[in-house]
Number of protein chains: 2
Amino acid sequence: MSKNLEELREKLESLLRKVDFTPVYWKDGKVVWLDVTLLPWEEVYRETRDVSRLAEAIKNLEIRGAPAIGVAAGLGVAMAVYNASGSVNELKSEGLKAVSILRSTRPTAYNLFYALDRMERVIRAYEGSSPSELKEEVLGEALSIMIEDLEANLKMGEIGSELITDGETVLTHCNTGSLATSGLGTALGIIKTAWRKGKSIRVIATETRPLLQGARLTAWELKKAGIPFKLVTDNMVGYLFYEGLVDRVIVGADRITIDGYVANKIGTYTIATVAWRHGKPFHVAAPTSTIHPVSYKEKKIVIEHRNPAEVTTILGRLEIAPKGTEALNPAFDVTPPELVTSIITEKGVAWPPYIDSLRRIIGSQ
Amino acid sequence: MSKNLEELREKLESLLRKVDFTPVYWKDGKVVWLDVTLLPWEEVYRETRDVSRLAEAIKNLEIRGAPAIGVAAGLGVAMAVYNASGSVNELKSEGLKAVSILRSTRPTAYNLFYALDRMERVIRAYEGSSPSELKEEVLGEALSIMIEDLEANLKMGEIGSELITDGETVLTHCNTGSLATSGLGTALGIIKTAWRKGKSIRVIATETRPLLQGARLTAWELKKAGIPFKLVTDNMVGYLFYEGLVDRVIVGADRITIDGYVANKIGTYTIATVAWRHGKPFHVAAPTSTIHPVSYKEKKIVIEHRNPAEVTTILGRLEIAPKGTEALNPAFDVTPPELVTSIITEKGVAWPPYIDSLRRIIGSQ
């Protein structure tokens with residue numbers, strides 16, 4: 001192993017000790033992940049050497065959360081190259097095939113494309129003739145993506161927790177914790193960091209139909225962390241604001257345009273609208289790897305529509321509608337910048353107008 | 001049987017032929033109801049002569065929907081008197097005991113108190129000495145409440161359907177159809193009437209967590225009626241408006257104050273807020289028996305909080321959160337008048353300011 005790779009591994013180990021856990025990691029040429037579709041009922045780790053299996057895990061949400069998807073995709077490309085044998089060209093071909101397979105898993109999360117673009121760049125840029133050197137470079141890049149995500153989460157936690165006032169009730173949507181990233185989380189990472197710093201906060205977690213990531217995953221992380229929280233159904237959000245029971249909203253993002261349009265889990269726009277009517281701050285927390293440097297008008301965000309059976313059943317376990325009922329199932333919605341109080345990144349907090357602040361932040365990368 | 005009672009029964013029969021079905025009715029001294037907690041899986045009718053059993057059925061939502069609760073409560077009091085033996089005073093005492101038991105079932109739906117007040121008034125007002133005459137008077141009042149509800153629904157259907165333009169997509173929340181009333185429904189009754197009149201409409205039905213009345217009951221009624229619809233999760237409402245996929249909202253109400261504050265199924269206020277931001281009409285449909293003639297400031301609406309297990313499970317059938325998770329479970333929220341485009345009653349459409357228009361409508365009773 002090269003000195004560089006050894007250093008990256010040590011850095012990664014040291015960062016992982018600072019977070020509670022990671023749902024996806026590299027182990028001896030395999031990608032290992034916690035299958036979050038089985039939480040909170042079972043904690044099952046799965047592993048593979050097969051890129052198609054990993055792609056399936058991303059598609060069916062065993063691995064989900066924009067940053068975790070990005071990290072898994074990076075490791076997946078590394079895995080394809082690492083386990084291939086043959087010439088540099090043969091390895092490159094395996095790597096690019098993996099990039100292509102993983103690129104078609106989910107359309108909305110920008111981190112996926114960010115990570116795959118980086119992996120592709122490293123593969124294409126390699127001009128040497130040593131297969132083992134290429135393997136190390138590719139694995140190094142995947143580990144770097146994971147390291148940067150961990151560092152971003154820790155940094156966002158520091159920056160974002162400053163925005164939370166002692167005694168507040170913070171509402172969050174879906175799951176944006178360790179289970180959605182390489183560890184700690186984005187929005188939920190900020191909440192956990194505020195709590196660790198001794199701020200007396202309470203959390204409202206929305207259950208997040210159809211796949212209940214709030215009820216299953218956020219509740220699981222908040223319980224683990226010992227943070228007081230209440231679970232609510234998604235349609236209780238209006239009531240909570242009307243009754244003055246929420247002080248602040250922090251959510252994550254799957255894609256942010258350079259002008260501040262935020263694609264995030266379905267339901268986010270509804271929450272933002274209610275918060276806006278009640279004059280309460282609505283923050284988005286995401287690493288810069290979530291920011292797509294184009295404007296919303298230049299390139300409309302593609303919203304993934306998933307199987308309607310996710311709506312007509314509960315997790316495929318219980319039918320809740322009459323047979324033959326048709327349903328809509330957009331997995332994300334778009335919150336326009338005028339509803340977003342600020343965007344918290346690892347490079348600082350962006351305030352409106354986002355076209356200026358986000359460009360400045362991206363420029364400082 | 002008195003001539004008056006015979007006439008009421010004939011009128012009721014004739015009205016019931018105009019609606020698809022009724023979920024609650026009188027049969028030989030018993031109250032019979034469709035247990036809607038088992039829909040859409042099973043169609044089970046239950047019956048009782050016992051007021052406590054009927055009260056339990058209302059509490060655990062075997063009978064639900066503000067107008068249906070009112071009708072069931074009226075029939076329940078009639079049942080108590082009808083099945084009692086003894087003097088007029090003994091019958092009156094049974095009737096008033098039933099009023100008291102039924103009064104404590106659910107706090108928010110005004111129709112319950114409207115119906116019980118009427119039943120109590122008839123019992124107290126009886127000055128004769130014939131037990132059988134008292135029985136007939138009390139049953140007559142209960143049947144009148146049911147008849148008036150059916151007439152109100154048919155009238156609201158006529159009036160409200162005029163507000164729907166051909167080709168529109170109408171969003172509705174929870175269940176406000178035959179299953180929530182004595183037949184046809186309020187908001188859903190209007191939608192069904194517009195469809196029957198040949199208007200080419202589409203419906204969006206929100207699933208309505210926690211108890212999924214939209215997915216289970218509204219979908220069931222819309223399928224029966226053959227009206228094209230799509231089911232969505234509650235948090236998709238923002239997305240639908242953002243994408244321009246909804247033209248109009250029509251919901252029911254559990255209680256309306258004289259100044260136009262609308263208590264309705266949890267989630268209504270969230271929908272109203274989104275509709276308001278997008279400048280789309282938001283109508284409330286309810287019979288005048290839902291209007292409490294006091295202002296919101298005079299008497300704050302009591303919001304029923306139900307068992308948190310309704311949130312941490314799906315209908316008690318599937319646990320969705322880690323053990324020990326705490327949840328909030330307000331069953332209703334309040335939509336303020338500034339978000340309500342109009343209130344459709346059987347006496348006409350009320351427009352803002354509601355303090356004037358509703359007072360005029362109530363006055364015309």
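Numbers restart at 1 for each chain; the letters A, B, ... are given by sequence-line order, proteins then strands. No hydrogens, no waters, no symmetry mates; every other heavy atom, side chains included, goes into these values.
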Heavy atoms of other groups near B:R306 CZ, more than 12 under 6.0 Å: yes
Contact origin within B:L222 toward chain A - heavy atom pairs under 4.5 Å: neither
Side chain, backbone, both or neither of A:P322 within contact of chain B (heavy atoms, under 4.5 Å): both
A:S342 (side chain) donor-acceptor with A:V284 (main chain) under 3.5 angstrom: no
Greatest number of heavy atom pairs closer than 4.5 Å to chain B - which of A:G214, A:P210, A:P308: A:P210
Verdict with supporting geometry, A:K265 and A:D333, salt bridge (charged side-chain N to carboxylate O under 4.0 Å, His left out): CA-CA 6 Å; A:K265 173 60 53 193; A:D333 59 27; over 6 Å; no
Region of A:E310 in contact with chain B, defined by heavy-atom distances below 4.5 Å: neither
Proximal component of B:L339, with respect to chain A [non-hydrogen, under 4.5 Å]: side chain
Part of B:L240 lying under 4.5 Å from any heavy atom of chain A: side chain
Contact class of B:E207 relative to chain A, heavy atoms under 4.5 angstrom: side chain
Side chain to side chain contact (heavy atoms under 4.5 Å, CB included) assessment of B:F229 paired with B:V170: CA-CA 9 Å; B:F229 74 100; B:V170 181; over 6 Å; no
Chain A contacts, top residue of B:H173, B:K323, B:K230 (heavy-atom pairs, under 4.5 Å): B:K230
Residue among B:A219, B:A272, B:P228 with most heavy-atom pairs under 4.5 Å to chain A: B:A219
Which of B:V334, B:T206, B:I266, B:T312 touches chain A most, by non-hydrogen pairs under 4.5 Å: B:I266
Pairwise distance CZ(B:R216) to OG1(A:T325) - rounded to 0.5 angstrom: 12.5 Å
A:L212 portion near chain B, given a 4.5 angstrom heavy-atom threshold: side chain
When B:W41, B:Y239, B:W220 are compared by non-hydrogen pairs under 4.5 Å with chain A, the top option: B:Y239
Any donor-acceptor pair under 3.5 Å from A:N329 side chain to A:H305 backbone: no
Part of B:F241 lying under 4.5 Å from any heavy atom of chain A: neither
Portion of B:L318 that has a non-hydrogen atom of chain A nearer than 4.5 angstrom: side chain
Chain A contacts, top residue of B:I271, B:I320, B:V232, B:V311 (heavy-atom pairs, under 4.5 Å): B:I320
Expected output: side-chain A:S178 to main-chain A:G183 donor-acceptor under 3.5 Å: no
A:I314 portion near chain B, given a 4.5 angstrom heavy-atom threshold: both
Side-chain donor/acceptor of B:T176 to backbone N/O of B:L188, under 3.5 Å: yes
Donor-acceptor pair, side chain of B:T341 and main chain of B:P281, under 3.5 angstrom: no
Close side-chain approach of B:I250 to B:T186, heavy-atom, < 4.5 Å: no
Side chain, backbone, both or neither of A:L217 within contact of chain B (heavy atoms, under 4.5 Å): neither
Residues, nucleotides or ligands: over 12 heavy atoms within 6.0 Å of A:E298 CD: yes
Minimum side-chain heavy-atom gap B:P336-B:Y269 below 4.5 Å: yes
Under 4.5 Å from a heavy atom of chain A, the part of B:R209 involved: both
A:R317, part contacting chain B, at a heavy-atom distance under 4.5 Å: side chain
